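Report on one structure; see the data block that follows.
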Amino acid sequence: MIDSKQARDALADIDDIVQRVRQSQLYELASLAALWWGALVFAGNLITWLWPPYAVSAWVAVDALGVAGLVAIRLFNPPRDHAHAFNARVLAVFLLFFAFGYLCTSVLGHFGPRELGTFWPLYFMLFYTMAGLWFGYAFVAIGLGIIALTLIGYFYVGEAFPLWMAFVNGGGLILGGLWMRRN
């Protein structure tokens, strides 16, 4: 027989375990997404550095493959509870995200290649870092690290900036994905 304090403590322990399992599941999906996007971003930056005339086509392919990969990751790893199931709002978020970025870079800003190579990682990492405020500080650390290194590259790295970004952004996402897998 247990008293009410022991029962409360036991329920608190169970709640703590449930929260850890949820965070573990989130980190599992997030790590797959980070690894996927990291590989694509690495390839996109490498193509931009090696074959600049193909950069625009490469980034359209990176974005399309990235979103398709996220959908596939979600479909092959369905949530245990249906409250977090994939729905049309997730697709709407991606469309709005890319539309706003395009508005800023092409309509309002008319960014050049170097500015585009800086804006998009900063824009992605802003949301990545904000997500970390809810989902775990690993996201915050990864996001802020990539933001800082992107800005260092923008101001101090010359023509090899796309190569720098392959390692900083693509490599940073890959390392972050591997880090999340072990947590």
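On a predicted model such as this, the values are computed, not experimentally measured, just so you know. Numbers for residues simply follow the sequence, beginning at 1.
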Hydrophobic clusters here meaning ILVMFWY residues chained together by side-chain heavy-atom distances under 4.5 Å, can you tell me if [X] and [Y] are in one?
X    : Y    : value
L70  : L96  : no
F97  : L122 : yes
F98  : M125 : yes
L151 : V140 : yes
L144 : W179 : yes

What distance separates [X] [atom1] from [Y] [atom2], expressed to the nearest 0.5 Å?
X    : Y    : atom1 : atom2 : value
N169 : L40  : CG    : CG    : 11.5 Å
E28  : M180 : CD    : CE    : 10.0 Å
F124 : I147 : CZ    : CD1   : 12.5 Å
L173 : L178 : CG    : CG    : 11.0 Å
I142 : L175 : CD1   : CG    : 9.0 Å
R181 : S31  : CZ    : OG    : 4.0 Å

Tell me if a side-chain donor or acceptor on [X] pairs with a main-chain N or O of [Y] at a distance below 3.5 Å.
X    : Y    : answer
R114 : G158 : yes
S106 : L103 : no
W36  : L65  : yes

Next on the checklist: Can you classify the ring geometry of F127 versus Y123 as parallel (below 30°), tilted (30 to 60°) or perpendicular (above 60°)?
Outcome noted: perpendicular
Item to check | Candidate list V62, T105, T150, test side-chain contact (heavy atoms from CB on, under 4.5 Å), partner W120, passing option | outcome: T105
Checklist entry - Only one of F155, Y156, Y154 clears side-chain contact (heavy atoms from CB on, under 4.5 Å) with I152; which? => result Y156
If I compare all heavy atoms of [X] with all of [Y], which pair ends up nearest, and what's the gap?
X    : Y    : value
D63  : W37  : O-CH2, 3.9 Å
W164 : L149 : NE1-O, 2.9 Å
F119 : C104 : CZ-CB, 4.1 Å
A30  : F139 : CB-CZ, 3.4 Å

Checklist entry - Is atom CZ of F100 surrounded by more than 12 heavy atoms (other residues, nucleotides or ligands) closer than 6.0 Å? => result no
Item to check | A39: partners by side-chain contact (heavy atoms from CB on, under 4.5 Å), with sequence neighbours left out | outcome: none
Using a 3.5 Å cut-off and no angle test, enumerate the donor-acceptor pairs between side-chain atoms of residues 41-58 and protein atoms at least two apart in sequence or in another chain.
unit_1, atom_1, unit_2, atom_2, d
N45, ND2, V41, O, 3.1
T48, OG1, G44, O, 2.8
T48, OG1, W59, NE1, 2.8

